[in-house]
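Scroll down for the structure; my scribbles are underneath it.
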Amino acid sequence: MQRLPALVFVLLLCAAPLAVGEEAPSPQEALAAANASFAWDLYDHVRAGDANLFFSPYSVSSALMMTREGARGRTADQMDKVLHLGGMDRGRAYASLVRGLTAPLVREGWGERQKTEPAYEMTIANRLWGQQGYAFEDDFIVRLAKVYKAPLERADFGKPAVVRKAINDWVAKQTKDKIQDIVPAGMPPPLSVLALANAIYFKAKWQHPFRERNTKEDDFTGPGGTKSKAQFMRRTGRY
């Protein structure tokens, strides 16, 4: 196995004083720290005992940051607090963070087979679905399209099955069919006027690949001593 797909999550929908001589964090660093704090807060709310849990805080925060662009007053203040945004320039910070996630180019192979390619595959996609005939604020639509690369697509939420298919098809395409039917049957509600979606696809090579010939089937012992057959990858090295 040479490549590991690390999958995709889709969501529909106070700064400390600096010490003397300490440099202020860059917009990218500030938002990364805010996202980390939000991730721990979110984990405390969604964890359930010892059960396995897989979610993408970055996806959730991205969708909520897009929502935040349409908020004002007390709602905006509360969202800033939850997302740990403080007084940062959200658009500048988000654009800087996305640039920082761009895969660097690396050389692969030797001699005539050598080629240059991205170190990993990563797709970050945002999109809006808005009710036909509903008047959204121009500033909101323009800002989401410019900063978050989230274009607005008109839809008729009075036909939820049609909208559901449109969103699910978009998610499947962005994630190379890894995520299917992210919007369940019966959703979105017919009275919806706006859906915000974020999709992330990530795939990278192992830094130290496992050799296929060293992968063998063996017994895997689960809870209660139950055994099942599984493929065990083996690698010996100095770490």
Side-chain angles (χ1 to χ4, degrees), residues 6 8-43 45 55-106 118-130 134-153 167 170-171 174-175 193-204:
V8 187
F9 180 89
V10 177
L11 175 70
L12 291 175
L13 221 121
C14 300
L18 297 174
V20 176
E22 183 179 355
E23 293 185 4
S26 68
Q28 180 183 135
E29 293 169 335
L31 185 54
N35 281 345
S37 296
F38 170 74
W40 286 115
D41 292 345
L42 181 60
Y43 174 74
H45 285 279
F55 70 104
S56 170
Y58 178 75
S59 284
V60 179
S61 65
S62 293
L64 288 177
M65 282 186 70
M66 290 193 290
T67 308
R68 166 62 181 87
E69 296 298 341
R72 297 293 183 270
R74 184 181 179 188
T75 299
D77 292 340
Q78 291 175 335
M79 294 190 74
D80 284 346
K81 182 178 180 180
V82 169
L83 294 168
H84 297 269
L85 295 178
M88 74 173 67
D89 184 330
R90 299 182 304 278
R92 183 185 176 198
Y94 183 84
S96 177
L97 183 60
V98 170
R99 286 195 300 270
L101 294 173
T102 302
L105 297 178
V106 296
Y120 49 83
E121 295 179 59
M122 188 170 189
T123 299
I124 301 174
N126 298 315
R127 178 159 290 195
L128 308 177
W129 281 266
Y134 191 89
F136 296 98
E137 292 286 345
D138 289 341
D139 289 345
F140 174 73
I141 299 302
V142 171
R143 184 167 178 80
L144 262 64
K146 181 178 179 180
V147 175
Y148 299 90
K149 311 302 179 188
L152 173 67
E153 182 174 327
I167 297 175
W170 178 83
V171 170
Q174 299 302 319
T175 63
V193 294
L194 182 67
L196 298 89
N198 167 276
I200 297 180
Y201 175 86
F202 177 79
K203 186 176 183 180

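The residues of the chain are indexed from 1 along the displayed sequence.
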[X] side, atom [atom1]; [Y] side, atom [atom2] - distance, nearest 0.5 Å:
X      : Y      : atom1 : atom2 : result
Tyr148 : Glu69  : OH    : CD    : 3.5 Å
Ser59  : Asn198 : OG    : CG    : 4.0 Å
Asn35  : Leu42  : CG    : CG    : 11.0 Å
Phe202 : Thr175 : CZ    : OG1   : 15.0 Å
Arg92  : Ser26  : CZ    : OG    : 8.5 Å

Practice problem: Look at the aromatic rings of Tyr134 and Phe136 and report parallel, tilted or perpendicular, splitting at 30° and 60°. | Solution: tilted

Between [X] and [Y], is any pair of side-chain heavy atoms under 4.5 Å apart?
X      : Y      : value
Asp41  : His84  : yes
Ser62  : Tyr94  : yes
Met65  : Leu31  : yes
Asp139 : Arg143 : no
Leu196 : Thr67  : yes
Tyr201 : Glu121 : yes
Leu194 : Leu128 : yes

